[in-house]
J.: 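Before I ask anything, let me first share the structure, which is written out below as structure tokens.
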Amino acid sequence: RKEVEQDPGPFNVPEGATVAFNCTYSNSASQSFFWYRQDCRKEPKLLMSVYSSGNEDGRFTAQLNRASQYISLLIRDSKLSDSATYLCVASGGDQGGKLIFGQGTELSVKP
Amino acid sequence: GAVVSQHPSWVICKSGTSVKIECRSLDFQATTMFWYRQFPKQSLMLMATSNEGSKATYEQGVEKDKFLINHASLTLSTLTVTSAHPEDSSFYICSASGTSDRSVYADTQYFGPGTRLTVL
């Protein structure tokens with residue numbers, strides 16, 4: 001079983017749609033969680049950290065449920081520029097400073 | 001701040017040759033550097049972690065004699081793929097982390113732009 005698992009993609013949505021990505025992690029010792037965005041043939045870029053209390057950054061909302069070992073990312077009013085692959089990442093605990101990446105979910109926003 | 005560069009950005013080589021990839025932190029001191037590999041349609045897989053001045057720690061399944069990592073200074077780490085074969089063709093990405101200062105947050109990894117290796 002992969003340490004970090006994500007919804008299989010791709011997600012094809014129209015502009016303005018709301019889209020939700022789900023992610024689960026298997027290592028209960030993980031302490032920090034992130035969503036990264038990766039554009040085609042580019043390096044991943046940090047989108048946002050994820051906190052137990054939930055956090056929001058503009059159109060993006062991230063949630064963490066430690067009991068269920070579940071992380072989510074909600075994108076509201078999606079834009080064409082949101083098209084990318086979204087990577088769920090866990091780190092900390094017995095993993096030390098390592099980032100454990102999920103396989104990514106591809107999002108394609110269409111006009 | 002917190003810029004990480006990689007060189008080259010892409011390389012094509014013949015099977016059996018060795019390829020060196022450089023990773024530099026341009027405006028901060030990178031106490032730790034990480035090397036990842038990403039195959040098409042797959043996620044980033046950590047290959048090894050290196051701390052300045054010490055030997056790299058390799059992940060399970062990564063051959064240390066094939067993927068030579070040197071982290072000789074606080075701003076430079078190199079990955080050498082020795083005797084490269086077509087199955088080594090991949091996107092190699094480094095990241096760097098350092099102690100907190102005006103440029104960086106501690107324990108945050110800053111990624112380089114990646115190097116695309118194609119072995120013919």
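Being a predicted model, the structure only gives us computed values, none of them experimental. Naming: A, B, ... by sequence-line order, numbering from 1 per chain.
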J.: Check whether any side-chain heavy atom of A/Pro44 sits under 4.5 Å from a side-chain heavy atom of B/Ile93, and report yes or no.
T.: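 In short, these two side chains touch, coming nearer than 4.5 Å.
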J.: Using non-hydrogen atoms only, which part of B/Glu59 is less than 4.5 Å away from chain A: side chain, backbone, both, or neither?
T.: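 Side chain only.
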J.: Between A/Glu106 and chain B, with a heavy-atom cut-off of 4.5 Å, which part of the residue counts as in contact: side chain, backbone, both or neither?
T.: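 For A/Glu106, the contact with chain B is made by the side chain alone.
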J.: Verify the cluster assignment for B/Val81 and B/Trp35: are they in a single hydrophobic cluster under the rule of side-chain heavy atoms below 4.5 Å apart?
T.: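 Yes, it is one cluster - the side chains of B/Val81 and B/Trp35 are joined through contacts under 4.5 Å.
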J.: Shared ILVMFWY cluster between B/Val19 and B/Met47, side chains joined below 4.5 angstrom?
T.: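 They do share one cluster, since a chain of ILVMFWY contacts under 4.5 Å joins B/Val19 to B/Met47.
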J.: Tell me whether B/Tyr110 shares a hydrophobic cluster with B/Leu76, the cluster being built from Ile, Leu, Val, Met, Phe, Trp, Tyr side chains joined at under 4.5 Å.
T.: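 No.
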J.: Report, by ascending residue number, the residues of residues 49-87 of chain A in heavy-atom contact with chain B at a distance under 4.5 Å; give 'none' if the set is empty.
T.: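 Residues A/Leu87 are the ones that qualify, each having a heavy atom under 4.5 Å from chain B.
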J.: Restricting to non-hydrogen atoms, name the atom on A/Tyr36 and the atom on B/Gln109 that form the minimum distance, rounded to 0.1 Å.
T.: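 Where A/Tyr36 meets B/Gln109 most closely, the heavy atoms are OH-O, 4.1 Å.
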J.: Using the rule that two of Ile, Leu, Val, Met, Phe, Trp, Tyr join whenever any of their side-chain heavy atoms come within less than 4.5 Å, decide whether B/Val119 and B/Phe91 are in one cluster.
T.: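 Shared cluster, no.
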J.: Under the salt bridge (Lys or Arg N to Asp or Glu O under 4.0 Å) rule, what pairs show up with a residue in residues 32-41 of chain A, not counting sequence neighbours?
T.: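 Output for this query lists A/Arg37-A/Asp39.
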J.: Does atom CE (B/Met45) have a neighbourhood of more than 12 heavy atoms from anything else shown, all under 6.0 Å?
T.: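 Open: at most 12 neighbouring heavy atoms sit under 6.0 Å from CE of B/Met45.
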J.: Rounded to the nearest 0.5 Å, what separation is found between the NZ atom of A/Lys98 and the CZ atom of B/Phe34?
T.: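 Between atom NZ of A/Lys98 and atom CZ of B/Phe34 there are 9.5 Å.
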J.: Please determine whether the number of non-hydrogen atoms from other residues, nucleotides or ligands lying under 6.0 Å from atom NZ of B/Lys66 exceeds 12.
T.: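 Yes - once you tally the heavy atoms of other residues, nucleotides and ligands closer than 6.0 Å, there are more than 12.
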J.: If you look at every heavy atom in A/Gln103 and B/Ser43, which pair is closest and at what distance?
T.: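 Heavy atoms of A/Gln103 and B/Ser43 come nearest at CA-CB, 3.4 Å.
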J.: Give me the atom names and distance for the closest heavy-atom approach of B/Tyr36 to A/Leu99.
T.: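 Nearest pair, atom of B/Tyr36 first, then A/Leu99: OH-CB, 3.7 Å.
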J.: Mind checking whether B/Tyr92 and B/Val62 sit in one hydrophobic cluster, side chains of I, L, V, M, F, W, Y counted as touching below 4.5 Å?
T.: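 Linked within one cluster.
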J.: Report which part of B/Leu46 has an atom under 4.5 Å of a heavy atom belonging to chain A: side chain, backbone, both, or neither.
T.: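 Side chain of B/Leu46 only, per the 4.5 Å heavy-atom cut-off to chain A.
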J.: Does any donor atom in the side chain of A/Gln38 or B/Gln38 lie under 3.5 Å from an acceptor atom in the other side chain?
T.: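 Indeed, the side chains of A/Gln38 and B/Gln38 share at least one donor-acceptor pair under 3.5 Å.
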